[in-house]
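One structure is given below, encoded as structure tokens.
The sequence lines fix the lettering, A, B, ..., with proteins before strands; numbering per chain opens at 1. We use all heavy atoms of the structure for the numbers below, so side chains are in, but hydrogens, waters and symmetry mates are not.
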Number of protein chains: 2
Amino acid sequence: MTDKQSKGIRMFDPAFDYGQLPSLTGFLFRKASLRTFAIFGDAVGDRAITPLRYSLLEVVGANPGLQQVQLAGILGLSKPAATLAIDFWQTRDCLSRRPDARDRRSRGIYLTEAGQARLDDLRIIIARQDAQLTEMLSEDELALLKSLMQRVIEGPVL
Amino acid sequence: MTDKQSKGIRMFDPAFDYGQLPSLTGFLFRKASLRTFAIFGDAVGDRAITPLRYSLLEVVGANPGLQQVQLAGILGLSKPAATLAIDFWQTRDCLSRRPDARDRRSRGIYLTEAGQARLDDLRIIIARQDAQLTEMLSEDELALLKSLMQRVIEGPVL
DNA sequence: GAAATTTAGTTATCGTCAATAACCATTTAT
DNA sequence: ATAAATGGTTATTGACGATAACTAAATTTC
């Protein structure tokens, strides 16, 4: 065992036959996503900071004052999940809930100063990590990949 | 609520700013993977049949007689997880554990007749579903996407 | 304008799942 | 022969996410 991090996952072992799996686009997406996740953890250092939690911070940073329900909608979370995710950052002094003057039920979510600093850090770390993920592609190829992925993602809901 | 299935997930809501998220390849992978997963469930009909469990069946079909440890290695599972996954199919009469003559500790995993039939079905359903996933791409674009994805997945472990 | 309904948010409870640890049986190494 | 390693199962635990139930505040309806 030489590799402590990332489980040292070998994506395909040439000794075995994977049937039709490698020809399925969805399978490739899943593998790519797993790989992303593994590397993400290494890059960020803190295992508690998952892609989802980072996404939350990013979205709050870009849209200060959103309601929790709105955040849940954007991130595809249930209400309780949103509550927990916000709790996570609030206990770390990165997010604050501020009362909304117009509607005293709802609470606007904002970055604290520490949160802004943390986000600035994370953005850099993660952008760099993301570049490593695709370092084997030329710039043109990467742009192409992204635009193809975009179209697949935005595709019809079926 | 018109859409019962697939949660009707809207991938991006143009009303909000997603920060740098949409420019991260890893984020696109994750979204694509989520989309794959959602559609997979709809296509197969049985929610219990996850991509992972299908992968297991596919790999056993392509490599009859593998040990459980080998399967775990190929699929990136822990030993207990492999045990459970095999149990899943065995209780459905699709896989069988056969004693290994040379090593009485280990057990070879094989498709049953029912398992072969089930796999044949699933292969077709899933191949069709996978095609739908990328129906907005031309044949050339799809081939390109796949080859780019392959290279990313096979990339260095970092 | 009071009662009923809806909505934002939290808390409680549950089920799933995967990982670790502990365990048995068998094989390999010393 | 004994010790160490390996294949497999079972038991236990912890992380999550989902639903349900609840509070508080807003909106609707008559």
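The shortest distance between the side-chain N/O atoms of Arg97(A) and the OP1/OP2 oxygens of dA8(C) is not below 4.0 Å. For the pair Gln70(B) and dG7(D), the criterion of a side-chain N or O lying under 4.0 Å from OP1 or OP2 is not met. The side chain of Thr83(A) contributes no N or O atom lying less than 4.0 Å from OP1 or OP2 of dG9(C).
With rounding to whole Å, Asp100(A) atom CG is found 15 Å from dA24(D) atom C1'. Look at CG on Leu84(A): it is 15 Å from C1' on dC14(C), rounded to the nearest Å. Spacing between atom CZ of Phe88(B) and atom C1' of dC17(C) amounts to 13 Å, rounded to whole angstrom units. Computed from coordinates, the Lys79(A) NZ to dA12(C) P distance equals 16 Å when rounded to whole Å. Rounded to whole Å, the distance from CG on Leu95(A) to P on dG9(C) is 14 Å. Taking atom CZ of residue Arg98(A) and atom C1' of nucleotide dG9(C), one finds them 18 Å apart after rounding to whole Å. Atom P of nucleotide dT11(C) and atom CD of Gln68(A) are separated by 11 Å, given to the nearest angstrom. We find that CD1 of Ile109(A) is positioned 13 Å from P of dA8(C), with the value rounded to whole Å.
Near-neighbour residues of DNA chain D inside residues 54-65 of chain B, defined by a heavy atom below 4.0 Å, are absent.
Residues Asp42(A) and Arg47(A) are paired through a salt bridge, judged by an N-O separation under 4.0 Å between the basic side chain and the carboxylate.
Hydrophobic clustering (side-chain heavy atoms under 4.5 Å, transitive across Ile, Leu, Val, Met, Phe, Trp, Tyr) groups Phe16(B) together with Tyr54(A). Under a hydrophobic-cluster definition in which Ile, Leu, Val, Met, Phe, Trp and Tyr are linked whenever side-chain heavy atoms come within less than 4.5 Å, directly or via other members, Phe27(B) and Leu52(A) are assigned to the same cluster. Hydrophobic clustering, with ILVMFWY side chains joined whenever heavy atoms are under 4.5 angstrom apart, keeps Ile109(B) apart from Leu84(B).
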- If the sugar-phosphate is the primed atoms plus P, OP1 and OP2 and the base is the rest, what is the B/S/- string for nucleotides 24-30 of chain C, using protein heavy atoms under 4.0 Å? -BBS---
Can you give the donor-acceptor pairs under 3.5 Å from side chains of residues 142-150 of chain A to other protein atoms, not counting sequence neighbours?
from, atom 1, to, atom 2, distance (Å)
Lys146(A), NZ, Ser23(B), O, 2.9
Ser147(A), OG, Leu144(A), O, 3.2

Name every donor-acceptor pair, under 3.5 Å, that has one atom in a side chain of residues 68-78 of chain B and the other anywhere in the protein, sequence neighbours excluded.
from, atom 1, to, atom 2, distance (Å)
Gln68(B), OE1, Arg97(B), NE, 2.9
Gln70(B), OE1, Gln67(B), N, 2.9
Ser78(B), OG, Ala81(B), N, 3.4

Could you go over nucleotides 11-17 of chain D and give all protein N or O partners under 3.5 Å, atom names and distances?
none

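In this structure, Arg92(A) forms a cation-pi arrangement with Phe88(A), its terminal cationic atom sitting closer than 6.0 Å to the ring centre and no more than 45° off the ring axis.
Listed for the Ser55(B) side chain is a donor-acceptor partner under 3.5 Å among the backbone atoms of Pro51(B). Using modelled atom types, one side-chain atom of Asp130(A) and one backbone atom of Gly26(B) make a donor-acceptor pair closer than 3.5 Å.
Arg35(B) is listed as a side-chain neighbour of Leu133(B), based on a closest heavy-atom distance under 4.5 Å.
Judged as a salt bridge (charged side-chain N to carboxylate O under 4.0 Å, His left out), the pairs with a partner in residues 108-129 of chain A (not counting sequence neighbours) are, in order, Glu58(A)-Arg123(A).
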